[in-house]
Amino acid sequence: MGLTIVSHAAGIYSQNLKIAKNPCGEENRGNGEKLSKIPHSLVAGGFSGGFGLAGVPVAAISVRLPVSFTVLATDPSSSARRGELALPHGTVATPMFMPVGTQGSVKTLHPAELEELGAQIILGNTYHLWLRPGHELIRGMGGLHDFTTWQKPMLTDSGGFQVWSLAKLRKITEEGVRFQNHLDGSKMLLTPELSMDIQAALGADIAMLFDECPPYPCDEAYAAKSLGLTSRWARRCKDWIVTHQPRSGTGRQRHFGIVQGSVFADLREQSARELVELDFDGYAIGGVSVGEPEHEMFRAIDNAVPFLPYDKPRYAMGLGTPPQILEMIGRGVDLFDCVMPTRVARHGVAFTLDGPLHIKNLSHAQDPRPVCESAHPHVARFSRAYLRHLFRAGEILALRLLSFHNLHFFLRLVADAREAISAGSFPTFKDDFIQRYTQPPLP
RNA sequence: GGGUAGAUGCCCGAGUGGCUAAAGGGGGCAGACUGUAAAUCUGCUAGCGAAAGCUUACGUUGGUUCGAAUCCAUCUCUACCCA
C-alpha cells in the first residue's frame, strides 16, 4: 500500500509542476531536480495518516483533492486536538509552535540547531524581506528555502502586522498601505496583491493573507470598518491566488485567512464566516496580543473558533506565553508563533517549569544548578552562575544559549501537549503545568 | 628642592556663589518584552523614612558670605616639568 500511495503522491506533484507554478511560485524549474528535493517525510507523512473524520482513508481522498490537515486525536473534555499538517516541504505535527525568523533567520540560531530542537516550521516576514534583500533577489536565489537553507516548512507573514507595529510611518487606504519604510524612509505601497506576489516569490509553504490589524483599544465602529477592509483585501488576495496559483497539487503554496474583529464577538464571527466563505487552507486569529488583557485574548479565540472549519488548521498569531499556549490548545488552536522565547532570551530571561527566570539576577551568582531541569543537554551542562556571567560579560554565547533553551522549552511544551492529547490526559497535563508555572516561588 | 596642573558620588567625568543630593557616561540592582525597526527599552543607584522630610556629602582643616563643590588660607596626596 505504501508504495502505491507514494507513487500517487509523486504523480500529483510532478503533474503539478507541469501545469502550474511549483510551491515556491517559480516557473520552469527543472522538475527532476525539484522532485529529488521533496523530503521523504512529506511523501510518507502526508499520506500515511490513518483515517479522516468520516472514517475515510485519507489516501483515498487525496488523489482527488489533497488533504493537507488531518485530525489524529481529540481531547474529549476540551477542544484540543492533535493533528498533522502536510505541506510541500514536510509534515508538521500539531499543536505546533513556530519559531519566528523575521529576516530569514531565527535570531542567533543555526538552522541545524533549529532542527535539533525539533522545529518543524519557521516564520519569515514579507515586509522585512521585501525591503531587504528584496523578494526578487530571493526568488532569483531559488526562494526563501534555498536562500536560507532551511528545507522544512516555512510560513511567511503578510506584512499586515507591520501595518500595525509601524503605525507611525504608514497610511492605510482602500488600495493598500503606504509606508515610509524604516530603513531609508522612502515611500512604498504594499497592497494585498503585492503581498501575495512577494510571498509567492519567497515560496513559503504557507502564505498569510494581507490584513489590517486594528490597535487596542479601538471602538466597534473602527473595528467594523477595519474588518471590512480586511475582508475586501481577503477577496483581492483570493482573486490573485486564483489567477496566479491555480489550486491543485500537494506541492502548491497554502494560504491562510486572518480573522479580525478586535474584542467584538459579532465581528469575530462575521470575519470568520466571510473568510470561510472564500475558502482558504487554514485560518488564523489575528489582532490579538496587541495590548489587550489576557481574558480578551482568550475571548477573541473563543469568538472565532466555533465558526472555523474543523478540518482546517487554526493559527493564533503572535502568541503566547506557555500557559496561554496551553489554554489556546484547549480552545482548539493548532499553530502558534511568538517572538517571546527568542526576544526575552536575548534580554536574559529563561523559561522554566517554575516560570520565567531572570538569569542576570544577583540571586543566581553562585547557583550551580542548570537553568531548568528540563533543559536540553547543550544548555543543562552550564550552571546558572555561568549563564549569568556570560550575560554580564556581554558574551554572544549567552544570547544563543538562552534562545536555544527557550525554543527548546516551547517546542517541548507543544510536543508534550500532543502526547497528552493522544494519551487522553491533556486537561491534567495543562492544569499541572500551569499550576507549577504560575505558583509563587518559595521564600 | 623649585614650578605648574589637579583632587567631585562604586568608577570615569561635567559643574566655577543660591535653580546642586550634584549633568552625562560606565558599572551595579531590578523590571518590561506576545504575527521582531528590539544583544532593546524603562526605573532605581549617599543614609534613614511609606512619604513629607531629616541627616551626612564634592581631598584636610579653618575662613569669607544670608548662602560654598564653586571664593580665600592651610595642610595632605597625585601627575607633569625644571634642578
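Note that these values count all heavy atoms, side chains included, but never hydrogens, waters or copies made by symmetry.
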Any base atoms under 4.0 Å from [X], or only sugar-phosphate, or nothing? Heavy atoms, all strands.
{"X": "A:Q180", "answer": "nothing"}
{"X": "A:D337", "answer": "sugar-phosphate"}
{"X": "A:L166", "answer": "base"}
{"X": "A:V288", "answer": "nothing"}
{"X": "A:G287", "answer": "base"}
{"X": "A:L362", "answer": "sugar-phosphate"}
{"X": "A:R170", "answer": "nothing"}

Measuring only the [atom1] atom in each nucleotide, how far is [N] from [M]? A whole number of Å is fine.
{"N": "B:U4", "M": "B:G18", "atom1": "P", "answer": "28 Å"}
{"N": "B:U65", "M": "B:G31", "atom1": "C1'", "answer": "47 Å"}
{"N": "B:C58", "M": "B:A51", "atom1": "P", "answer": "25 Å"}
{"N": "B:U70", "M": "B:G63", "atom1": "P", "answer": "15 Å"}
{"N": "B:C29", "M": "B:U76", "atom1": "P", "answer": "40 Å"}
{"N": "B:G28", "M": "B:A21", "atom1": "P", "answer": "29 Å"}
{"N": "B:A83", "M": "B:G13", "atom1": "P", "answer": "30 Å"}
{"N": "B:C54", "M": "B:A79", "atom1": "P", "answer": "42 Å"}

Mind checking who [N] pairs with, Watson-Crick or G-U wobble, both distances under 3.5 Å?
{"N": "B:G27", "value": "B:U45"}
{"N": "B:A79", "value": "B:U4"}
{"N": "B:A57", "value": "none"}
{"N": "B:A32", "value": "B:U40"}
{"N": "B:A14", "value": "none"}
{"N": "B:U20", "value": "none"}
{"N": "B:G67", "value": "none"}

Distance below 4.0 Å between [X] side-chain N/O and [N] OP1 or OP2:
{"X": "A:R392", "N": "B:G28", "answer": "yes"}
{"X": "A:R346", "N": "B:U40", "answer": "no"}
{"X": "A:N361", "N": "B:C29", "answer": "no"}
{"X": "A:S289", "N": "B:U34", "answer": "no"}

Handout entry: Polar pair under 3.5 Å, donor/acceptor by atom type, side chain A:N125, base B:G35
Key =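 Such a pair does not exist between side chain and base.
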Practice task
Mark yes or no for a side-chain to base donor-acceptor pair under 3.5 Å between A:Q162 and B:U36, with no hydrogen or angle criteria applied.
Solution key: no
Problem - Within the 6.0 Å centroid threshold, strictly below: A:Y127 and A:H182 - result: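 Yes, the ring centres sit under 6.0 Å apart.
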Problem - Test of ring centre spacing under 6.0 Å for A:H389 and A:H364 - result: no
Exercise for the section: Hey, can you tell me if A:F404 and A:H376 have their rings parallel, tilted or perpendicular (30° and 60° cut-offs)? Expected result: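 Answer is perpendicular, since the angle exceeds 60°.
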Problem - Aromatic plane relationship, A:W164 with A:F161 - under 30° parallel, 30 to 60° tilted, over 60° perpendicular - result: tilted
Side chain of [X], heavy atoms from C-beta onward: which of [options] has the nearest atom to it?
{"X": "A:Q324", "options": "B:U34, B:A37, B:G35", "result": "B:U34"}
{"X": "A:S165", "options": "B:C29, B:U36, B:A37", "result": "B:A37"}
{"X": "A:H182", "options": "B:A38, B:A37, B:C33", "result": "B:A37"}
{"X": "A:D157", "options": "B:C33, B:A39, B:G35", "result": "B:G35"}

Donor-acceptor pairs under 3.5 Å, side chain of residues 323-331 of chain A to any protein atom, not counting sequence neighbours: which ones?
| residue | atom | partner | partner atom | Å |
| --- | --- | --- | --- | --- |
| A:Q324 | OE1 | A:T321 | N | 2.9 |
| A:Q324 | OE1 | A:T321 | OG1 | 3.4 |
| A:Q324 | NE2 | A:E294 | OE2 | 2.8 |
| A:E327 | OE1 | A:R331 | NH1 | 3.3 |
| A:E327 | OE1 | A:K430 | NZ | 3.3 |
| A:R331 | NE | A:D302 | OD1 | 3.0 |
| A:R331 | NE | A:D302 | OD2 | 3.2 |

Atom [atom1] of [X] and atom [atom2] of [N]: how far apart are they, to the nearest Å?
{"X": "A:L155", "N": "B:U36", "atom1": "CG", "atom2": "C1'", "answer": "15 Å"}
{"X": "A:H128", "N": "B:G35", "atom1": "NE2", "atom2": "C1'", "answer": "10 Å"}
{"X": "A:H358", "N": "B:C29", "atom1": "NE2", "atom2": "P", "answer": "13 Å"}
{"X": "A:L202", "N": "B:G35", "atom1": "CG", "atom2": "P", "answer": "19 Å"}
{"X": "A:F391", "N": "B:A39", "atom1": "CZ", "atom2": "P", "answer": "12 Å"}
{"X": "A:R314", "N": "B:G35", "atom1": "CZ", "atom2": "C1'", "answer": "19 Å"}
{"X": "A:F336", "N": "B:U36", "atom1": "CZ", "atom2": "P", "answer": "17 Å"}
{"X": "A:W130", "N": "B:A37", "atom1": "CH2", "atom2": "C1'", "answer": "15 Å"}

Practice task
Can you spot which of A:K152, A:H145, A:Q253 makes a side chain to side chain donor-acceptor pair (under 3.5 Å) with A:D205?
Solution key: A:H145
Problem - From CA spacing to verdict: salt bridge (charged side-chain N to carboxylate O under 4.0 Å, His left out), A:R400, A:E113 - result: CA-CA 10 Å; A:R400 280 175 42 66; A:E113 292 173 316; 2.7 Å; yes
Exercise for the section: Indicate yes or no: at least one non-hydrogen side-chain atom of A:V414 is less than 4.5 angstrom from one of A:R418. Expected result: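 Yes. Closest side-chain heavy atoms under 4.5 Å.
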Practice task
Would you kindly compare A:T342 and A:V349 by the position of their nearest RNA chain B nucleotide and give the one closer to the 5′ end?
Solution key: A:V349
Practice task
Answer yes or no on whether A:K238 is positioned over the face of A:F280, meaning its NZ or CZ is under 6.0 Å from the six-membered ring centre and within 45° of the axis.
Solution key: yes
Problem - Aromatic-base stack, A:H347 on B:U40, cutoff 5.5 Å, angle under 30 - result: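 It does: the two rings, one from A:H347 and one from B:U40, meet the stacking criterion.
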